[in-house]
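Worksheet for the structure shown next.
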Amino acid sequence: MNYDVVIIGAGPAGLTAGIYARSKGMTTLLLDSGRVGGQLVSLYPEKGIHNYPGFETIQARKLSDKLYAQAESMGCDIKEKEKVEEINNGEEELVVVSSKGEYHAKSVIIAIGMGSFKPKKMGCPGEDELFGKGVTYILPAKEELVGKKVAMFGGGNSAIDMALIATQVADTTLIHRRAEFRADESTVKQLEQSEVKTMMNSNLVSINGTDKVESVTIKQDDKEIVVPTDLVVINIGISADLDDLKKWNLELTPEGLVKVGFDMSTSRPGVFACGDVVDYEGKYKQITTACGEATTATMMAYKFVKKPYWA
Ligand SMILES: Cc1cc2nc3c(=O)[nH]c(=O)nc-3n(C[C@H](O)[C@H](O)[C@H](O)COP(=O)(O)OP(=O)(O)OC[C@H]3O[C@@H](n4cnc5c(N)ncnc54)[C@H](O)[C@@H]3O)c2cc1C
């Protein structure tokens with residue numbers, strides 16, 4: 001198949017690039033190795049986003065649905081569970097090789113965010129055995145939490161945000177291994193004013209249960225405490241894997257991110273990049289910046305494709 005632009009990654013950056021590309025009439029393919037929506041659906045679907053203009057608050061999953069629907073209604077071809085492995089130079093075009101096929105592209109926009117990412121594990125007995133039976137790394141929908149005893153592990157903004165959501169319908173305990181949270185002051189204040197119970201200086205020893213989670217064992221000051229629990233939510237960070245980028249012949253920063261010019265161009269002609277995967281001085285990884293960079297990247301891809309007819 002031939003496209004004016006192939007966009008790799010369908011998070012906020014890739015979806016915005018798709019919307020702009022279609023508004024310029026470009027034939028557009030979006031490929032995502034996971035699910036459309038990127039981090040919004042894979043890492044924090046229940047979280048409220050308070051800093052996306054136009055919405056005082058919008059649930060991450062809903063913002064993703066809106067972006068997806070808009071990109072689809074504008075005529076983007078969108079394929080999920082299709083990982084891009086190579087970007088090769090063809091005779092006149094670029095050839096994007098995925099896990100399922102090959103696509104010819106006049107331009108390419110890389111929007112792979114953090115690459116393949118997975119939540120970090122606690123590494124304790126019971127974690128793997130009870131995964132899916134009460135152990136999770138993503139907060140389930142609120143309806144599934146009603147009346148449950150939730151043990152949330154973590155001490156950053158994300159863990160506190162999830163605990164604040166869970167406490168609306170469930171008996172929630174936030175367990176952190178340090179003496180203090182590593183989160184914004186305003187978030188910690190909200191936590192203090194909420195009904196979330198906290199256990200500090202507490203290490204998880206094991207997750208217990210046979211067919212489902214029944215309790216967790218916590219070590220606090222050399223004392224072991226068994227806390228009855230229905231659901232264990234682990235929120236201690238993410239490990240990202242951007243190794244794919246190394247194969248794509250791009251100039252990278254020492255941190256392994258894509259070096260871009262002010263116009264979101266990369267070191268390869270016809271290849272642009274945007275979102276969390278790019279770095280430059282002053283870069284701030286947010287949804288709005290990803291969308292803004294996607295706009296620029298797409299306009300530059302459009303000019304590249306139309307050359308020399310576009311000054
Ligand atoms: C817990 C948490 C809370 C956050 N809260 C906020 C917030 O409140 N407000 C805010 O503005 N920002 C927030 N952020 C940051 C925001 O989520 C990111 O800045 C944003 O998702 C970046 O979008 P992106 O499209 O660049 O990347 P991503 O959202 O990471 O999407 C990239 C997509 O590319 C796909 N991909 C990766 N590799 C390949 C490949 N080889 N082939 C094909 N597809 C590939 C992935 O599957 C993914 O779907 C938060 C982040 C986290 C972790």
Side-chain angles (χ1 to χ4, degrees), residues 1-38 64 67-113 115 244-245 247-251 257-278 287 289-311:
M1 288 283 287
N2 289 291
Y3 286 93
D4 289 329
V5 61
V6 171
I7 299 163
I8 309 172
L15 289 166
T16 305
I19 292 163
Y20 270 86
R22 287 300 302 141
S23 72
K24 297 305 276 180
M26 298 169 90
T27 50
T28 305
L29 172 66
L30 271 147
L31 295 171
D32 199 292
S33 54
R35 284 175 61 195
V36 167
S64 164
L67 289 167
Y68 189 173
Q70 193 175 358
E72 209 171 34
S73 71
M74 295 206 46
C76 293
D77 287 348
I78 304 177
K79 295 179 191 242
E80 293 186 302
K81 296 199 172 21
E82 188 161 344
K83 187 171 193 276
V84 170
E85 278 151 10
E86 293 169 31
I87 307 172
N88 298 326
N89 291 327
E91 274 181 26
E92 284 182 12
E93 294 172 328
L94 294 153
V95 182
V96 176
V97 182
S98 79
S99 49
K100 295 190 183 160
E102 267 190 25
Y103 306 93
H104 289 250
K106 291 181 186 155
S107 64
V108 167
I109 296 177
I110 298 170
I112 63 168
D244 287 332
L245 282 178
K247 298 182 282 181
W248 295 353
N249 291 321
L250 298 159
E251 194 180 343
L257 296 165
V258 180
K259 229 180 189 174
V260 282
F262 61 87
D263 58 354
M264 297 296 132
S265 59
T266 70
S267 54
R268 275 184 81 171
V271 180
F272 303 84
C274 50
D276 278 11
V277 74
V278 305
I287 300 166
T289 45
C291 296
E293 292 159 7
T295 309
T296 305
T298 313
M299 290 312 294
M300 292 303 135
Y302 176 70
K303 286 185 181 184
F304 181 85
V305 168
K306 293 291 168 193
K307 220 163 50 183
Y309 306 109
W310 183 275

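- Interatomic distance, CZ of Phe272 versus OG1 of Thr296, reported as 11.0 Å (0.5 Å rounding).
- A pairwise comparison of heavy atoms in Lys81 and Lys100 identifies O-NZ, 3.2 Å as the closest pair.
- Counting heavy atoms from C-beta on, the side chains of Arg268 and Val108 never come closer than 4.5 Å.
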>> The test is side chain to side chain contact (heavy atoms under 4.5 Å, CB included); show your working for Thr298 and Tyr302 and say whether it passes.
In response: CA-CA 6 Å; Thr298 313; Tyr302 176 70; 5.7 Å; no

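- Each of Asp4, Val6, Ile7 was evaluated against Thr28; a single residue qualifies, Ile7, per the side chain to side chain contact (heavy atoms under 4.5 Å, CB included) test.
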> Do Asn2 and Thr27 pass the side chain to side chain contact (heavy atoms under 4.5 Å, CB included) test, and can you show the C-alpha distance, the side-chain angles, and the key distance before you say yes or no?
Replying inline: CA-CA 8 Å; Asn2 289 291; Thr27 50; over 6 Å; no

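- For Tyr103 against Glu82, the heavy-atom pair with the smallest separation is OH-OE2, 2.6 Å.
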>> Test side chain to side chain contact (heavy atoms under 4.5 Å, CB included) on His104 and Glu93; report intermediate values, then the result.
In response: CA-CA 6 Å; His104 289 250; Glu93 294 172 328; 3.4 Å; yes

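- To the nearest 0.5 angstrom, Met300 atom CE is 13.5 Å from Thr266 atom OG1.
- Interatomic distance, Ile19 CD1 to Gln70 CD, rounded to the nearest 0.5 Å: 3.5 Å.
- With rounding to the nearest 0.5 angstrom, the NZ atom of Lys247 is 11.0 Å from the CG atom of Asn88.
- In terms of heavy atoms, Cys274 sits closest to Ala290 at CB-O, 4.5 Å.
- Glu80 places no side-chain N or O within donor-acceptor distance of the main-chain N or O of Arg35, the cut-off being under 3.5 Å.
- For the pair Ile110/Leu250, a side-chain contact is recorded, criterion being any heavy-atom separation below 4.5 Å from C-beta on.
- The CE atom of Met299 sits 9.5 Å away from the OG1 atom of Thr295 when rounded to the nearest 0.5 Å.
- Trp248 CH2 to Ile112 CD1: the interatomic distance, rounded to the nearest 0.5 Å, is 4.5 Å.
- In this structure, Ser99 contributes its side chain and Lys83 its backbone to a donor-acceptor pair below 3.5 Å.
- Heavy-atom neighbours of Tyr20 OH from other residues, nucleotides or ligands within 6.0 Å: at or below the threshold of 12.
- Within the 4.5 Å cutoff, side-chain heavy atoms of Glu293 are placed close to those of Val278.
- Annotation for Leu30 and Gly14: closest pair CD2-O, 3.4 Å, computed over non-hydrogen atoms.
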>> Set out, in order, the CA-CA distance, both residues' side-chain angles and the distance that settles side chain to side chain contact (heavy atoms under 4.5 Å, CB included) for Ile87 and Ile8, then state yes or no.
In response: CA-CA 10 Å; Ile87 307 172; Ile8 309 172; 3.8 Å; yes

